Amino acid sequence: MTTSRTTDALVETDVVVVGGGPVGLTLAHELGSRGVDVVLVEPRLEPDTSTPRCKQVNPRSMEHFRRLGVADAVRAASGLPFGWSDSVVFCTGLAGRRIEVFDGVFALSDVPSSEFPEPAQWTAQYSLETALRTALSTRPTVRARFGSRLRSAEQDGTSVVATIEEPDGTTSRIRGRYLAAADGAGSTVRRALGIGLAGRSHEITNLQVVFDAPGLGDRHGLGRAVQYWVLGATASGLLGRLDTRDAWWAILLDAPDDADWTERALRAVVGDDVPLRIRGQDTWTARMLVADRYREGRCFLLGDAAHLNPPWGGFGANTGIGDAVDLGWKLAADIAGWGGGAILDSYEADRRPVAVAAIAEAERNMAVLTPQLGRPDLDGDGAAGDAARAAVAEEIRAAKTSETYTLGFVLGTGSPGSPLVVPDDGPAPVSETSVYRPSALPGMRLPHLWLAPGVSLYDRLGPGFTLLEVGAPPVPGSWRSAAEERGMPLTTTRLARPDARALFGARYLLVRPDHLVAWRGDEPVADPGRLLDHVRGVDVRRAARAEDR
């Protein structure tokens, strides 16, 4: 029998981050890059290699990792080299017939694009976590406590005290100004706060399997792809490689509660003569759920603790990474003293609508993924087989575009309703799921430009707010003075590109630390202090009333 023992020491920090998956690790990097003191609590000593979970790090997440200086590490840790493939194949099985091929999917190509500085990276979640864990050594203000588990947390008006169980069974306490919970779908923190989830679950059960299949990559003739969608006679699902050696993953749809079924289904999708060794498997049901609120006092929810996304389209972990970036710079602003009283409340206003939109996109994709079982005609020979495959290929082309070409959603979904932006009626191109139309509307991601080979406009943005002068006279010194009076970090960047004015719709743009446009205009505002107060979360009307008193 193990008896817990409580140590007397109380560890002090700025932020306690609970959960060391991709979201919690990103938050630790975001805060650490800004000099915020962090203690990260994660029960797993090592990443879980029995399941790949998320496999796609999209361009939006990769450009955040570029800003944080870890993009190259993320690519290097992946089992699949950068640019290894950007194709998806639909087939009746790896030993069966090809039905359709989509190229240029998920923005995975290593060919430079004008629309973003960092293409997507295909990688297992455990590889992503390994890269982010290792890179924490560059963050001197971050202390990672792997192997430690949150037991409880209590908050008052000034702090949160977390009680932690250590690997040896002892308990300790950590006091932070804030606590951020990235502790997954069954979040201990969310439950303790009494925050509910709203939404629904899908009716079918799926099975994810990690397996070794020596030589499988050389046996089939379907070409290199990051995903193979199998529409089989006895099993349907998708699979792909985790590395360039023997490791593979598969998601088998509508899996029965039958332990013997797994290997039979795998054989149906990969072929009977392939040697297989199953390394891990877990069942899951797609859930479309969003937390009722993202904040309770000094505690915040992010990632799967705040929203549960079906995997179709690859939005889940990437949405959580976006949560971490948003919450991270706002917590840092509050702790540094330049954030206004409304800045932390804006976290939910900015991020919850993004989660709702991502879930809706994934659910639309899921609607066209109903297992097509009992279709031996797709493997048929002659004219009948050709006709059956051609008909299904046409259905796939019509239905699967939004599943595999997602750049419009990934880059074109912002927070135009944010309380930290100044709305305007300027040019506002609207993206579709698969079509990205750059827009500098306040609340949207700043459109990207290359300034020189390998030099992104984003590389010239400051760690705080950035004022872009687009072929325009320098702003008056009152801007810098107003920022300095407020302790607000403000970088000024001049841009002489003749095409930028048309792209941005204005000659001046104020850009937030997360690359979202906060304000734009053709003339500098007469009272920059009032504008800066707005975008840093000061309630201007309340402040004016206080001054009157």
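In this text, all values refer to a predicted model and were calculated from it rather than measured experimentally.
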- Message: Is any side-chain heavy atom of His307 closer than 4.5 Å to one of Thr319?
- Response: yes

- Considering all heavy atoms of both residues, which atom of Pro52 and which atom of Trp249 are nearest to each other, and what is their separation? CG-CB, 3.8 Å

- Message: Less than 4.0 angstrom from a charged side-chain N to a carboxylate O is my criterion; do Arg512 and Asp326 meet it?
- Response: yes

- Item | Any donor-acceptor N/O pair, Gln56 side chain to Asn58 backbone, under 3.5 Å | no

- Does any N or O in the side chain of Ser434 come within less than 3.5 Å of the main-chain N or O of Tyr405, such that one atom is a donor and the other an acceptor? yes

- Taking the side chain as every heavy atom from C-beta outward, state whether Leu231 and Val392 have any atom pair closer than 4.5 Å. yes

- Query: Charged N to carboxylate O below 4.0 Å: is that the case for Arg351 and Glu348?
  - Reply: no

- Message: Nearest 0.5 Å, please: how far is OG in Ser50 from CZ in Arg279?
- Response: 9.0 Å

- Sequence-distant partners of Gln125, side-chain hydrogen bond (donor to acceptor under 3.5 Å, both in side chains), two or more places apart: Glu129

- Any side-chain heavy-atom pair of Trp84 and Thr244 under 4.5 Å: yes

- Nearest 0.5 Å please: distance from the CG atom of Leu495 over to the CG atom of Asp499. 8.0 Å

- Let me see the working for Leu31 and Trp329 under side chain to side chain contact (heavy atoms under 4.5 Å, CB included), right down to the final yes or no. CA-CA 7 Å; Leu31 292 168; Trp329 78 261; over 6 Å; no

- What pair of heavy atoms forms the shortest contact from Ala73 to Ala131, and how long is it? O-CB, 3.5 Å

- Query: Side-chain contact, heavy-atom cut-off 4.5 Å: Arg264 with Asp258?
  - Reply: yes

- Within a radius of less than 6.0 Å around CZ of Arg53, do more than 12 heavy atoms belonging to other residues, nucleotides or ligands occur? no

- Roughly how far apart are Glu263 CD and Ile278 CD1, rounded to 0.5 Å? 5.5 Å

- Item | Sub-4.5 Å side-chain heavy-atom contact between Tyr294 and Tyr347 | yes

- Distance col, row Leu407:CG vs Ser113:OG, nearest 0.5 angstrom, shows 7.0 Å

- Side-chain ion pair, Arg389 and Glu100, N-O less than 4.0 Å: no

- Task: For the residue pair Leu68 and Ser33, establish whether any side-chain heavy-atom pair is separated by less than 4.5 Å.
- Result: yes

- Could you please spell out the steps behind the side chain to side chain contact (heavy atoms under 4.5 Å, CB included) verdict for Asp254 and Thr205? CA-CA 5 Å; Asp254 202 12; Thr205 299; over 6 Å; no

- Message: Any non-hydrogen side-chain atom of Thr413 less than 4.5 Å from a side-chain atom of Phe315?
- Response: no

- Atom of Tyr126, atom of Thr51 and distance for their closest heavy-atom approach: CD2-O, 3.7 Å

- Query: Does Arg364 come within less than 4.0 Å of Glu361, counting only side-chain N to carboxylate O?
  - Reply: yes

- Query: Quick one: does Glu403's side chain have a donor or acceptor within less than 3.5 Å of a partner on Gly313's backbone?
  - Reply: yes

- Donor-acceptor contact below 3.5 Å, side chain Ser431 vs main chain Arg437: yes

- Message: Between Arg190 and Asp183 (salt bridge meaning N to carboxylate O under 4.0 Å), is one present in this structure?
- Response: no

- Query: Between the main-chain N or O of Gly443 and the side-chain N or O of Ser415, is there a donor-acceptor pair closer than 3.5 Å?
  - Reply: no

- Arg501 atom CZ, neighbour heavy-atom count above 12 within 6.0 Å: yes

- Query: Taking atom types as modelled, is there a side-chain donor on Arg287 or Ser201 under 3.5 Å from an acceptor on the other?
  - Reply: yes

- Query: If we ignore angles and hydrogens, is there a donor and acceptor under 3.5 Å between the side chains of Asp350 and Ser346?
  - Reply: no

- Task: Output yes when Lys330 and Asp514 qualify as a salt bridge under the 4.0 Å nitrogen-oxygen rule, no when they do not.
- Result: no

- Task: Report the residues that fulfil side-chain hydrogen bond (donor to acceptor under 3.5 Å, both in side chains) with Arg67, sequence neighbours left out, ordered by chain and then residue number.
- Result: Glu30, His64

- Task: For residues Ala268 and Thr234, report the shortest heavy-atom separation together with the two atoms involved.
- Result: CB-OG1, 3.3 Å

- Message: Please report whether the ring centroid of Tyr436 lies less than 6.0 Å from that of Phe116.
- Response: no

- Message: Before you tell me yes or no, could you show the steps for Arg200 and Leu289 under side chain to side chain contact (heavy atoms under 4.5 Å, CB included), namely the whole-Å CA-CA distance, both residues' side-chain angles and the distance that decides it to 0.1 Å?
- Response: CA-CA 6 Å; Arg200 71 179 192 89; Leu289 301 171; 5.7 Å; no

- Query: Is the backbone of Thr134 close enough, under 3.5 Å, to the side chain of Ser137 for a donor and an acceptor to pair up by distance?
  - Reply: yes

- Item | Heavy-atom side-chain proximity of Arg497 to Leu503 below 4.5 angstrom | no

- Message: If you apply the rule side-chain hydrogen bond (donor to acceptor under 3.5 Å, both in side chains), what do you find for Ser148 with Glu42, and how did you get there?
- Response: CA-CA 6 Å; Ser148 299; Glu42 165 55 47; over 6 Å; no

- Can you tell me if CG on Asp48 sees more than 12 non-hydrogen neighbours from other groups inside 6.0 Å? yes

- Message: Within this structure, what is the CG-CD1 distance for the pair Leu128 and Ile321, rounded to the nearest 0.5 Å?
- Response: 6.0 Å

- Note on the structure: Closest heavy-atom pair, Gly215 versus Asp246, reported as atoms and distance to 0.1 Å, is N-OD1, 3.7 Å

- Item | CD (Glu115) with more than 12 external heavy atoms under 6.0 Å | yes

- Task: Identify the two heavy atoms, one from Pro447 and one from Phe504, that lie closest to each other, and give their separation to 0.1 Å.
- Result: O-CE2, 3.6 Å

- Hey, are Tyr228 and Arg241 close enough side-chain-wise for a donor-acceptor pair under 3.5 Å? no

- Message: Check for me whether the distance between the ring centres of Trp122 and Phe106 falls short of 6.0 Å.
- Response: yes

- Query: Rounded to the nearest 0.5 Å, how far apart are CG of Leu253 and CH2 of Trp229?
  - Reply: 6.5 Å

- Are the side chain of Asp243 and the backbone of Ala247 linked by a donor-acceptor contact shorter than 3.5 Å? yes

- Item | Arg445 with Glu63: basic N within carboxylate O range, under 4.0 Å | yes

- List the steps, then state whether side chain to side chain contact (heavy atoms under 4.5 Å, CB included) holds for Val17 with Val41. CA-CA 6 Å; Val17 176; Val41 178; over 6 Å; no

- Item | Partner residues of Arg295 under the side-chain contact (heavy atoms from CB on, under 4.5 Å) criterion, sequence neighbours left out | Phe300, Leu344, Asp345

- Item | Plane angle bin for Tyr458 and His448 - parallel if under 30°, tilted between 30 and 60°, otherwise perpendicular | perpendicular

